[in-house]
Amino acid sequence: MIVKGARVLDGSANAMMKGKGTEDDRPWQSYHTVYTTAKAGMELVDKEKVQRVVYEMSKGSKYFQNEERKEAFIKQKIDNLRIQCANLTQEDLAHYQKVADRRIVELEASRDLSRIWLHVDMDAFYAAVETLSNPTLKGKPMAVGSMSMLSTANYEARKFGVRAAMPGFIARKLCPELIFVPTDFKKYTYYSDLTRKVFGRYDPNFIAGSLDEAYLDITEVCRERNVKSEEIAQELRAGVYEETGLTCSAGVAPNRLLAKVCSDINKPNGQYVLPNDRMAVMTFVSSLPIRKIGGIGKVTEHILKGVFGINTCEQMLEKSSYICAFFSQSTADFFCSVGLGLGQTDSPQVRFRKSISSERTFSATKDEVLLHKKLEELAEMLSADMQKEGLSGRTLTLKLKTASFEVRTRAVTLQKYISSSEDILKHAKKLLQAELPISVRLIGLRVSQFNGDKCSAKSDPTQKTITNFITSGDVNRNCSSFPDVADHDFVSNAETDMSIDSRQTGQLDWRDPFDGNYLSDVDYQSCTVQKSDGVEEVQTSSNDATSSHYSGLTEVLGSTSYLGQVEGINVKNGSNLLEDERLDSCCQEKTMLWLNDYKCSLCGIELPPSFVEERLEHSDFHLAEKLQKEESSIHQKSVPSQSKGQKDGVTRQSKSKKQKLSQKEGSYTPIDYFFVKK
DNA sequence: TACATACAC
DNA sequence: AATGGTGTATGTA
C-alpha cells in the first residue's frame, strides 16, 4: 500500500542481481553479519579476515541457513522495489518531488536549535567494570559473556574483530588469547548508579537509555554557569572518572539523535561537540552514513542503499521524492528529518511498560515432557516478575523458535486479567499444544494488555475507543497529575538506596537487556537480580518521525509481494493524497460540532475552546471513524479494485491523524488527559 | 486481535 | 557443540 503507482511485478525479478561472479570465489562476502559494521575501536580491523572467519565458523549451521533465508528474502524485496522504482513515470516523480519538498519545508520549520543535548556513553562498560575489579585483565584482550554469546569486548579484543553480540566460540577463533569473563549484572548496576549520580548534577531529569548511556539536557547548566557545552562535557566525564574510575565518551548536539551520533565519534574517552548552528548541522549530516543513525539498522541500510543508492544522510534529501513515493508518511518524515539533521529536543513524558516477558534458549528438543517443564518454569518466572510490579494482563503470547531458528508467536486474549503462574501456564499450555509436535530451541511467554493500563478507561466504551485510537501508535502517558514528581524519585533514591523500585518510573531506563541476560537456563537467582528498573526509554512520545519510523520498512517488506499480485495501480494514485486532505478539512466542519462550545456532539467528550489543536485532533478522529465505517460498508459490495482504492485512502488518513497528533508534542496537553479520572 | 518484522541495548 | 533476552513500534489481514 505504501508503494503507490506500482506496476505488476513478476517473481523472477532478480535477474539484474545475477552475474557478479565474485560470490563463487569469496562466498563469505555475501554473508552479511552485523559484526563488520564500523564500531568504535574497530577501524583498523581486517574486516575481510573477520568476515572470512565468521563465515567459516558459521557455514552450514542451522543459524547460518536461517540467516541466508532471511537475506534472500530481503534481496527479493530490494529487487522488487528497484523495478517499481524504474516504473515510476516522470509525472509520478514530479508529483512526489512536490510532496517531498513540501514536507521538507515543514520539517525545516520545526527545527529547534534552542536546546543543548549531551549523550554520555560509557566505554566498553561491562568489560571496563570487570577490569576494575580484576586489574590483571588490564591490557589483555577480554570479553564479557560466554562461548555462545558475548555482551561486550574491551578495546584490545576489538582489534581482533571481537565484538558484542558475537558468539564466544567465533571470538576465540579470531583471538585465541581472548579471556572470557562471565557477566555480573550486580556489579554493572552498582557502577551504573555511580555514573548516574554524576549525570544528575547536570540534569536531574536525565534520560537513562540503559545501564551505560544517558541523555542530558544541559541547556540550563550551560546558561546558568555561563560555560560552553564543551566544558560541561569535559567536567562531566572527569566527574564520572573520579567517581568510578571508568571512562566514557560524550556527544553534544542540538538534539538527541545527533548527540548520540556525536558521542561515538571520539570514542573511547573522547567527546565531540556539534554547535547549535544550522549550517554546522547540515554539513555534519551531509557526509554521515545513514547506518550511524539510531533506528537505521542492517535491513533499512540495505534497502535504502540497494534500491535508491542512498548511503549518506544528505542523499536522503536528494532522493526525497523516491522516499515519499515508497514509504509511509511517518517513515518518509523520519528519513527526511535525518537528511536535515533533525531530532528530538523535548524532554519526553513518562511512560508505562506495555508488556512483560520471559524467554529462554536451550538445546533444541521435541520432547514434550521437557518442553512442558520449560514452559512451567517460564510461567513461574514471568508470574514472579509480574507480581513484583503488581501487573496483570489479558493477552498472553507464546513465542517459539524452532530448531531451524524460525520464530513463531501465538497469542490469546482472555476475558479476565491474569498474573498467577497457574493461569499463565494453563493458557500457555493450550497455545503450545496446538503447535505440537515441534522441535524448538527457545520458548518465551509475554503478557500484555495490562489491567493498569490507566489510560484506557474501561467503563465507557466510547471513551475507550477514542482513547485507544489516540494513544495507539503513540504513548501511554503518565496519567498522574504530577508526572514530574515521579521524575525525581529515581535520583534521590539512587543516592540512598541501591535497589531501585521498578515502579518509580520517573527515570527512563529499561535495563540493558543484552548484557544482563545471558544466563544459563537455571540461573534464576541472577535472573531475579537482573530484573530492575521498570522504566522506559525515550523516543516515542514525540512527533518527530524518530518515534515511528520502523513502520515503513515493515510496510515495504510486507507489501511488496502483495503488490506483486495486484493489478496495475493507477499511476496517478499519488494525487489522491492531496485530494484526501482537501476532503478532510471540508468534512471536518460538518462531521461534528461543539455543544455549548464545550462538548462534542457525537461522543460527549469535553474539550474547552482554548484547546484548539486537541479539538482538531478530535474532529479528525470522528472523521476517520466515519470514513472507516463507510469503507467497511463499501468493502462488502464493491469490486476488489475499488475497495482497494478506498482502503488506501482511509488508511492513509488515519495515519496522517496519528502523525499530526504526535507532531505538536512538547507543548501540548495530551488529549487522553481529558479521559482520565482524576 | 493476531502475527511478522525491524530495531535498540 | 555452539548465535541472547526484554521491550518497543508498526502494518496487514
Side-chain angles (χ1 to χ4, degrees), chain A residues 1-2 33-35 54 57-58 61-64 66-67 70 73-74 77 121 125-126 145-152 164-173 183 208-213 260 293-301 303 328 330-331 351 353-361 363-364 382 385 394-395 397 399 401 405-413 441-442 444 446 448-449 472-476 509-519 527 530-531 534-540 546-559 562 647 651 654-655 658:
Chain A
M1 171 189 78
I2 281 318
T33 56
V34 295
Y35 310 128
V54 171
M57 299 296 286
S58 303
S61 69
K62 289 282 190 333
Y63 173 83
F64 180 87
N66 188 251
E67 289 300 299
K70 290 195 293 188
F73 186 76
I74 291 167
K77 298 302 166 195
D121 201 326
F125 184 51
Y126 294 4
S146 75
M147 257 342 174
S148 303
M149 185 55 56
L150 299 182
S151 297
T152 187
M166 180 181 273
F169 70 93
I170 295 180
R172 194 176 51 181
K173 190 81 175 182
T183 52
S210 64
L211 282 182
D212 78 327
E213 62 181 77
K260 168 105 174 138
I293 302 294
I296 298 185
K298 188 181 84 167
V299 173
T300 311
E301 180 189 30
I303 290 176
S328 70
S330 59
T331 305
R351 299 187 306 155
R353 73 151 79 230
K354 294 189 164 82
S355 71
I356 186 166
S357 67
S358 251
E359 66 185 62
R360 285 296 175 274
T361 295
S363 49
L382 182 55
D385 290 347
R394 52 192 283 265
T395 298
T397 306
K399 175 177 168 183
K401 193 189 278 175
F405 285 84
E406 183 198 331
V407 176
R408 276 186 217 175
T409 61
R410 296 290 178 259
V412 275
T413 298
R441 68 190 323 279
L442 171 147
R446 173 177 302 263
S448 50
Q449 295 240 47
S472 76
D474 203 342
V475 183
N476 276 338
D509 164 19
W510 292 111
R511 74 201 158 99
D512 182 340
F514 181 65
D515 293 303
N517 272 322
Y518 195 68
L519 303 167
C527 176
Q530 288 166 16
K531 306 271 175 183
V535 230
E536 186 167 319
E537 239 278 50
V538 203
Q539 5 130 286
T540 350
T546 323
S547 18
S548 50
H549 54 269
Y550 304 125
S551 55
L553 248 315
T554 312
E555 262 178 271
V556 166
L557 283 169
S559 64
Y562 168 65
K647 194 172 174 201
T651 314
S654 41
K655 227 185 274 165
K658 277 190 218 164

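Numbers restart at 1 for each chain; the letters A, B, ... are given by sequence-line order, proteins then strands. Just so it is clear, the values below take in all heavy atoms, side chains as well, and ignore hydrogens, waters and symmetry mates. Small disclaimer: the values here were computed from a predicted structure and weren't measured.
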A.B. asks: Quick one: list whatever passes ring-ring contact (aromatic ring centres under 6.0 Å, His included) with A:Phe64, sequence neighbours left out.
C.D. replies: A:Tyr31, A:Tyr55
A.B. asks: Using whole Å, what does the distance between atom P of nucleotide B:dT1 and atom CZ of A:Arg410 come to?
C.D. replies: 18 Å
A.B. asks: For A:Arg446 and A:Pro167, find the nucleotide of DNA chain C closest to each by heavy atoms; which residue's nucleotide sits nearer the 5' end?
C.D. replies: A:Pro167
A.B. asks: What is the distance, rounded to the nearest whole Å, between atom CZ of A:Arg408 and atom P of B:dA4?
C.D. replies: 8 Å
A.B. asks: It should be established whether A:Ser363 places a side-chain nitrogen or oxygen under 4.0 Å from OP1 or OP2 of nucleotide C:dA1.
C.D. replies: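 No.
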A.B. asks: Regarding A:Lys298, tell me which of base, sugar-phosphate or nothing describes its non-hydrogen contacts under 4.0 Å with the strands shown.
C.D. replies: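 Answer is sugar-phosphate: A:Lys298 comes under 4.0 Å of backbone atoms only.
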A.B. asks: Just how far, in rounded Å, is P of C:dG7 from CZ of A:Arg353?
C.D. replies: 4 Å
A.B. asks: Starting at atom NZ of A:Lys62, determine the distance to atom C1' of C:dA1, rounded to an integer number of angstrom.
C.D. replies: 13 Å
A.B. asks: Quickly work out the A:Lys401 NZ to B:dT5 P distance and round it to whole Å.
C.D. replies: 13 Å
A.B. asks: Between C:dT8 atom P and A:Glu359 atom CD, what is the distance in whole Å?
C.D. replies: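 Whole-Å distance recorded here is 13 Å.
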A.B. asks: If the condition is ring-ring contact (aromatic ring centres under 6.0 Å, His included), which residues does A:Tyr63 pass it with, not counting sequence neighbours?
C.D. replies: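 Per chain and number, A:Tyr63 pairs via ring-ring contact (aromatic ring centres under 6.0 Å, His included) with A:Phe405.
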A.B. asks: Roughly how many Å is it from CE in A:Met149 to P in B:dC9, rounded to a whole number?
C.D. replies: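 Rounded to the whole Å, the gap is 17 Å.
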A.B. asks: State, with a plain yes or no, whether a side-chain heavy atom of A:Lys399 is found less than 4.5 Å away from one of A:Glu359.
C.D. replies: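 Touching, per the 4.5 Å side-chain cut-off.
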A.B. asks: Between A:Ile356 (CD1) and C:dT6 (P), how many Å, whole number?
C.D. replies: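 The distance from CD1 of A:Ile356 to P of C:dT6 comes to 10 Å, rounded to the nearest Å.
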